[in-house]
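For this chain, numbers begin at 1 and follow the sequence in order.
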Amino acid sequence: MTTKRKPYVREMAPSWWQKLGFYRFYMLREGTAVPAVWFSIVLIHGIFSLKAGPAGWDSFVSFLQNPLVLLINVIALAAAVLHTKTWFELAPKATIVIVKDEKMGPGPIITTLWVVAIAATVIILAVALL
């Protein structure tokens, strides 16, 4: 049997996400995937350049010294830091830690994640530069 009622179809404007700050920030955070793809491609290019020998590596280093590439890499770094910040703020919501019959607040978990991330970065930089 068919019905004569028309289904309700809510209109969705292309700018739906621009109306609330929460949605704008969500789209910005999701947009951090684009610089992550850039960084992945540059990293893969660097590995293949390293495999090609000294001439390939020198070519890669000169590519990285291009001002446009430096700017894009700074943007990629900022996007990675933003993504890391939001991910670390999400972690306490996904992990419930009980200490002495009480749920631990998000502060210690977020701080621990930042300390581990910074320590790992310092160790990797020390190994790479020394």
Side-chain angles (χ1 to χ4, degrees):
M1 177 170 198
T2 61
T3 180
K4 294 184 180 188
R5 293 189 315 171
K6 293 181 182 178
Y8 173 72
V9 179
R10 189 172 88 170
E11 292 183 20
M12 183 68 70
S15 60
W16 64 268
W17 57 274
Q18 295 175 349
K19 293 181 179 147
L20 290 175
F22 173 80
Y23 292 136
R24 285 192 303 270
F25 184 74
Y26 172 79
M27 295 301 275
L28 174 68
R29 182 185 184 281
E30 293 303 309
T32 61
V34 175
V37 169
W38 162 260
F39 178 76
S40 299
I41 292 169
V42 169
L43 187 62
I44 291 169
H45 176 59
I47 291 170
F48 281 105
S49 297
L50 187 59
K51 182 181 174 188
W57 182 252
D58 290 340
S59 172
F60 177 67
V61 170
S62 67
F63 167 74
L64 289 177
Q65 292 173 343
N66 183 320
L68 181 61
V69 174
L70 284 170
L71 177 66
I72 295 171
N73 284 338
V74 168
I75 292 169
L77 177 63
V81 170
L82 173 67
H83 193 86
T84 302
K85 176 189 175 299
T86 58
W87 187 255
F88 286 175
E89 289 173 355
L90 177 68
K93 295 176 183 175
T95 305
I96 298 173
V97 179
I98 307 292
V99 177
K100 297 182 182 178
D101 296 330
E102 290 188 25
K103 181 180 172 188
M104 182 187 298
I109 297 171
I110 294 171
T111 303
T112 302
L113 289 171
W114 276 114
V115 167
V116 169
I118 291 169
T121 301
V122 168
I123 290 168
I124 292 169
L125 282 175
V127 168
L129 298 175
L130 297 177

Legend entry - Hydrophobic cluster membership, Val69 vs Ile75, 4.5 Å side-chain cutoff: no
Name the atoms and distances for all side-chain donor-acceptor pairs under 3.5 Å in residues 97-120, with sequence neighbours left out.
unit_1	atom_1	unit_2	atom_2	d
Thr111	OG1	Gly107	O	2.9
Thr112	OG1	Pro108	O	2.7

Inset, instruction - Could you label the plane-to-plane angle of the Phe22 and Tyr26 rings as parallel, tilted or perpendicular, counting under 30° as parallel and over 60° as perpendicular? - result: parallel
Inset, instruction - Compare all side-chain heavy atoms of Leu50 with those of Phe60 and state whether any distance is below 4.5 angstrom. - result: no
Legend entry - Heavy atoms of other groups near Leu20 CG, more than 12 under 6.0 Å: yes
Inset, instruction - For residues Leu70 and Val74, determine if any side-chain heavy atom of one lies less than 4.5 Å from a side-chain heavy atom of the other. - result: no
Inset, instruction - Could you state whether Trp87 and Leu82 fall into the same hydrophobic cluster, counting links through intermediate Ile, Leu, Val, Met, Phe, Trp or Tyr residues with side-chain heavy atoms under 4.5 angstrom apart? - result: no
Inset, instruction - Compute the centroid of each ring, for Tyr23 and then for Trp16, and state whether the two points are separated by less than 6.0 Å. - result: yes
Inset, instruction - Measure the CG-CG distance between Leu125 and Leu130 for me, rounded to the nearest 0.5 Å. - result: 9.5 Å
Legend entry - Between CD on residue Glu30 and CE on residue Met27, distance to nearest 0.5 Å: 8.0 Å
Legend entry - Spacing of Leu68 atom CG and Ile72 atom CD1 [to the nearest 0.5 Å]: 4.0 Å
Acceptor/donor pairs from residues 31-46 side chains to any protein atom, 3.5 angstrom cut, sequence neighbours excluded:
unit_1	atom_1	unit_2	atom_2	d
Thr32	OG1	Arg29	O	2.5
Thr32	OG1	His83	ND1	3.0
Trp38	NE1	Asn73	OD1	2.8
Ser40	OG	Ala36	O	2.9

